[in-house]
Amino acid sequence: MTTTPGPFDPAVDDTEPTHLVLENALGEYSLWPLFRRVPEGWHTVYGPQTYGRCVARLQDPPA
Amino acid sequence: MRLTAAQSGMWFAQALDPGSPAQNTAECLEIHGPVDPSLFARTLRQVVSEADALRVRIIEGADGPQQLEVVEPTLPLKVRDLRAASDPDAEARAWMREDLATPFDLAAGPLFAHALFRVGDERWLWYQRVHHIVMDGFGYSLLARRTAEVYTALAAGEEPGESPFGRLADLVAEDTAYRASETYETDRRFWDGAFADRPDAPNLAGRTALPSRTFHRRSARLSPEATARLRESASSMRATWPEVLVAAQALYVSRATGSAEVVLGLPMMGRMGSVALRVPGMVMNVLPLRLTVTPQATFAELTRQVVLGIRAARRHQRYRYEDIRRDLGLLGEGRSLVGPLVNVMPFDYGLTFAGARTEAHNLSAGPVDDLTVNVYDRADGSGLRIDYDGNPALYEPDELGAHQARFMELLERIAETEPHTPLAEHTIARHAELTLVVDEFNATAHPVPPTTLIGPIEGQTVRTPDATALVFGDQDLTYAELNARANRLAHHLVEIGVHPGALAAVAVPRSLDLVITLLAVLKAGGAYLPLDPDYPADRLAYMLQDAGPACVIADRADRVPASGVPLVALDSLDTTPYGTYDPPRALTPHHPAYVIYTSGSTGRPKGVVVPHAAIDNRLRWMQAEYELAPGDRVLQKTPSGFDVSVWEFFWALRVGATLVVAEPGGHKDPAYLARVIREQDVTVCHFVPSMLQVFLSEPAAAGCKGLRHVFCSGEALPRETVREFGRVLDGVPLHNLYGPTEAAVDVTYHPCATDATGPVPIGKPVWNTRLYVLDAALQPCPPGVQGELYLAGTQLAAEYLGRPELTAARFVADPYGPPGTRMYRTGDLARWTEHGEIEYLGRTDHQVKLRGLRIELGEIEAELAADAAVGAASVLVREDRPGDQRLVGYVTPSDTGSVPDPEELRARLAGTLPDYMVPGAILVLDDFPLSPNGKLDRRALPAPSFEGSGDGGRVPSGHREETLTRLFAEILGVPQLGVDDAFFDLGGTSLLAARLVSRVRDTLGAELTIGTLFQAQTPAALAAHLDADHSEADHALDVLLPLRAGGDRTPLFAFHPAGGMSWCYSGLLSRLDPGQPVYGLQARGLHGEGELPSTMEEMAAEYVEALRAVRPHGPYRLLGWSVGGVLAHTVAVLLQEAGEEVELLALLDAYPSDQWRDAAVPEEADALGALLRMAGYDRTDELTREDVLATLQREGSALAGLPDRTLTAVLDIVVNNARLMREHDHRPFEGDALFFTAAAPRAEDWLTREAWAPYVSGSISNHDVDCLHPELTQPRRLDEVCAVLAARLKELDHA
Amino acid sequence: MALSVELIRADVADVLGEDPADIPVDENLVDYGLDSVRIMSLIERWRREHDIAATFVDLAEQPAIEAWVKILGASA
């Protein structure tokens, strides 16, 4: 079991921006770690933000 | 003189293996120019006289090892001119290799050796070997420099300058002073603090080993250009190139081991500001350096971490590495303090010998525990030389080379990359490896038409309307009938709101109606949501509320709790008004086909939505790969709530084959499964591996050879299960498949080879599917390196129903696929093999599989923690008894003061969780055990106590004894058993022995033969035997079979009946005195080799020899049943003729050859009958060898486990023995005989014991046993026989 | 050009990645991260630019700026 957070886990204290929310042409969303370039076909719609904020944004996207 | 601490370290390392040459260090200096050997010898003599350390020997004194100066050292300088050799360099190297493999004698000395080779007219090799206890790398450089200086001066006819070297004594004094100083204490406190939490030090091999006597070395060079760029890059970061190398190695180790925390070992010369700068000697120390490597940090930041880390460590670098290990208590545990070592040797070797230039080559840098990366910068413009030295116990040369090649490419990339980019940009895979794992292994593109799950079924119906589609018990439906019924229901469903995009929950037990209902939902265009009616009402209600289906379809109204969702109760629905035509629907492949709920890690289950395109791809691939045909019959046994059931339900119906539906609950009963597979001619079925294991130990399973394909998925498939499959169902293909619910059932496949070894791979990707093994930076891992498995392609689920944040966190953007595509994060650890298959390695989180059922331990923990009395909760899967996995929960009390009650908690959980998720035991602890770093230490959680098994003396120790005791009791049908109770003493028979062998194999995975059981008859002895892993020959077929070798009475020798084997006499053991040794004599040739005896006399003589080997002289006790009695008599005669005494001759219904001469010679059929009787079956209908073998195998007879050649041999022996008996002429035996008659009426009514009269001089005392001849050794009859026999033996004992 | 104590200090600070003001002239430079590779790079630089004769061992024996000033014959 890894004790270090993985690329799609929150940081240990989750106070710093570590993630993005991406969207593709089909309207699908993806959480994404800041340390990697955004893959082709996806664009950033939220962040850089903390993991918690990104999750909240996914649960309640603006209309 | 005492040793320095550095030297003591080397002393203890050598003491571990005194004969090991691993502490040899060696160097070779290539001199390009003329060399005068005698001048060279003089030079060396002078240098040796100047370097104290070279002139010592080490002895062990009363207070420990001491170094003594050897005043007149001999100078072992070999000089060889190799110019005449065909390859002078090779020969020189061979000599050096051999010398390097020669250990020094520390007590005798000298601890150095030199050699000088002439390999060219103006090319010489100067070889030096020195024991590491007296010299380190820096010391070598001092010696080399001085040697060059002295030689150059002498060659010029000048006096060399004064010796620049200090004294060894000063080194020792400085060391002694340090160890007494306050600095020593400060340093010790620093290190003990720095490693107080005992971190893991990951290494590339994944395990540790003791140093070997040799090492594997792979050498490489970084190009001069890359080296220059590396230096510049270092400079720009205010670092040195060794620090950059260390950072690069840390990055490599971190990614290759999947660990953010790494510990590297840095050998340091340790001479700054010390007299040691001028003393050639052994000073060097290894500094452990802890580093954290994260993907978001930049390379510059990592390098800075290295710089500052080394700086801090250097302040305390005099404290020995060996002492840190000792302080932390690591020495005994075989745990390492550091991972790989990075040993940078930047010592300037720009030396000249009287103008001749030199090149220095290291040959050995000392012992290698794991991996040492030795780096040489000779500052001669040739770029860095980087050697990977690996411990052969941990690394194959190819593996070592692979790591090195990757590291070299990584260095080149680092040298070219801007240091302020995140480390995530770097991969440790070589470019060629990237292409392999991302593209080549994933070349699975395959065009598929845009069909749905249901379309092809409707299409098939048109083609084969009258073929049998569905079978359930004694009911069946044709394709047309099935289609009609499903359509009728479908029309009703359309009416009530089921359409593309809508869900219909299905709570119907396994039956024809279940299949009809699923089809109906699909035909209406909806997606089905299977509900297991066994779930607690609470869970069903949650699922219905969460999913919001258009309706629930159940077989009866009370199947599901009321929920506000419209209910369709099939038992009260009349669908006859509806049409039988396929309903029109606007269904596309993008619409959902089914929604299956899986365990949620934070407490609530989640619904996985799988679209038609995904499952259609999966079924089309399956058909192409395994080619189901109309004659095939697929078994539907998996509950509909598990996605394996999807291909069971629908595959057959798409291709005109038949679906056989098992009865509800039947999937758990192996006997039922075997029966239905045979009776219904099932050709395709699925097992979860743990269920397959159970199935294979069901005796009837072997009769299922009509299967064409068996699929396994849902759990890791153990290699032993595959082997067992090959034994039981030889010839039936077994396939291992893998895939989470989130990827349309399975995404990988692997055809299992029953004779292969190693872990069973999950295999290659299916059509239109990509697999990625990614590291912590989402970079692809090269083959062999572990990472997390991600899946991409057509088979991905669309989403988690109503959970956008979960969906976005698990179905993430795919950086390696077409633009805008996604990949699913499985949480499984895996790696690629060289051949493009994936091996499953475990989980990254708390998800487990229990008998194939996916469980998030977090879900159970959340439920437990929700109870007011519970403070914290943890749940584990424990396997304290092998093969017996259980869920165990641990809770601590909350602050409320009330103590949690395990039974109450379990009852509570049973109300919300499916039964397989309710822990079998819940333990209440005061506190959770913590590891040194403050985390829950799962390994310290206590095992729940078991029900005790057996008294009778000693309690079983160890799980093997316990398991075996349990199995013995089970097989023998006794309630309790002691570990020292012998199997046959308690009534074990060969048949029971066969069952025990089978059970032991299944439960403990241990190979056992009945022969072993004869040798080790108690659970304790058997456990010890298994522990010692004897793989000796099977004695069960030897001429002399020790049924019970121990005991103080005169041994009883029992001779084999017609088939040649004496196993039937094992029943005597429990019926005679435990101190009565019993030996069986068996026919030569049971092993299937050699010729059979040609006369009975010859046979008997052989047996005499065999039994006299254990008992050279009489008196002898002999017994024989059937032919064995005749043999016993013949042996008795031979023994008497040899002057020995025979005190007992017992004949069990045996008649002299006179009585057989006129009877017909038995044919093979008779022999076969005899074989069956030997196995304990009395049959007359099997007449061929194949039949008999089949019968034996089906009935699980031990004899079936014998090799074919033995069974064949037995048949030959039977026929041979019958012939020999007819041809034999008896001679008289002087003495009495004890006779047992099988007194029931028989066909051979002329047989009479009186026929022995001419051949037995004394009396023949008889006992009738009311049975037929073959029954005489069966348990009840043996009771009678042995009552008499035991009494007679007792009389003889007291005589 | 002659080697001065300030120049020595500046070069030492440079290879250590520190500010010259933070490097005292009388302290053991090992505590500030001076190692053999850094010493050798300094020697290389000073040989090139100031033609010094001191060896690695000379400087490594007393790793402090004020000691080096004497060894290198620099002006104070």
Side-chain angles (χ1 to χ4, degrees), chain A, chain B residues 199-200 254 258-261 292-298 421-425 590 774-779 787-788 790 796 798-799 802-823 825 827 829 842-847 857 931 933-936 938:
Chain A
M1 232 132 302
T2 50
T3 46
T4 332
F8 298 100
D9 297 323
V12 177
D13 50 5
D14 201 28
T15 50
E16 295 296 313
T18 50
H19 287 85
L20 301 168
V21 176
L22 310 179
E23 188 181 350
N24 65 8
L26 296 173
E28 292 166 331
Y29 292 101
S30 166
L31 194 63
W32 195 251
L34 270 182
F35 59 70
R36 282 299 296 252
R37 258 176 264 183
V38 173
E40 256 190 270
W42 294 83
H43 59 277
T44 307
V45 294
Y46 185 73
Q49 267 297 354
T50 66
Y51 184 93
R53 291 232 172 89
C54 289
V55 167
R57 173 63 155 71
L58 285 161
Q59 280 167 330
D60 286 312
Chain B
D200 282 332
S254 164
S259 171
E261 308 284 331
T292 304
V293 184
T294 60
Q296 54 268 30
T298 65
T421 39
L423 288 171
E425 293 290 311
H590 303 294
L774 303 180
D775 63 20
L778 296 181
Q779 291 283 357
E788 186 169 347
Y790 287 74
L796 291 195
E799 56 166 347
R803 314 287 274 281
E805 77 291 354
L806 264 184
T807 304
R810 296 221 65 120
F811 293 86
V812 299
D814 178 356
Y816 304 107
T821 54
R822 303 176 306 160
M823 57 184 185
R825 181 162 69 95
L829 290 172
R843 288 293 303 179
T844 59
D845 59 11
H846 293 242
Q847 188 195 98
L857 295 174
S931 62
N933 54 11
K935 305 221 178 243
L936 170 64
R938 291 197 149 74

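Since the model is a prediction, treat every value here as computed from it, not as a measurement. Letters A, B, ... are given to chains in the order of the sequence lines, protein chains preceding strands, and every chain is numbered from 1.
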Legend entry - Contacting moiety of A/E23, where chain B heavy atoms sit under 4.5 Å: neither
Legend entry - Approximate separation, where rounding is to 0.5 Å, of A/L31 CG and B/L806 CG: 11.0 Å
Inset, instruction - Count the heavy atoms of every other residue, nucleotide or ligand shown that sit under 6.0 Å from CD of A/Q59, and state whether that count exceeds 12. - result: yes
Inset, instruction - Answer yes when B/E425 and A/R37 have at least one side-chain N-carboxylate O distance shorter than 4.0 Å, and no when they do not. - result: yes
Inset, instruction - Measure the OH-CZ distance between B/Y790 and A/F8 for me, rounded to the nearest 0.5 Å. - result: 5.0 Å
Legend entry - Part of B/R810 lying under 4.5 Å from any heavy atom of chain A: neither
Inset, instruction - Among B/A813, B/P804, B/P422, single out the residue with the greatest number of heavy-atom pairs under 4.5 Å to chain A. - result: B/A813
Legend entry - For the student: nearest non-hydrogen atoms of B/T821 and A/W42, plus distance: O-NE1, 3.2 Å
Inset, instruction - Take B/E799 and A/E28 through the test side chain to side chain contact (heavy atoms under 4.5 Å, CB included) and record every step on the way to the result. - result: CA-CA 9 Å; B/E799 56 166 347; A/E28 292 166 331; over 6 Å; no
Legend entry - Straight-line distance of A/L58 CG to B/R803 CZ, nearest 0.5 Å: 13.0 Å
Inset, instruction - Have a look at B/V812 and tell me which of A/S30, A/P39, A/P7 forms a side-chain contact (heavy atoms from CB on, under 4.5 Å) with it. - result: A/S30
Legend entry - Test item: B/T298 and A/F35 side chains (from C-beta on) under 4.5 Å apart, heavy atoms: no
Legend entry - Best-contacting candidate, B/P818, B/S259, B/A809, against chain A by heavy atom pairs under 4.5 angstrom: B/A809
Inset, instruction - Find the distance between CD (B/E805) and CG (A/D60) and round it off to the nearest 0.5 Å. - result: 9.0 Å
Legend entry - Residue pair A/P33 / B/L778, side-chain heavy-atom distance below 4.5 Å: yes
Legend entry - Heavy-atom contact with chain B under 4.5 Å, split by part of A/L22: side chain
Inset, instruction - Under 4.5 Å, counting heavy-atom pairs only, tell me which of B/A798, B/G817, B/A297, B/A777 racks up the most with chain A. - result: B/A777
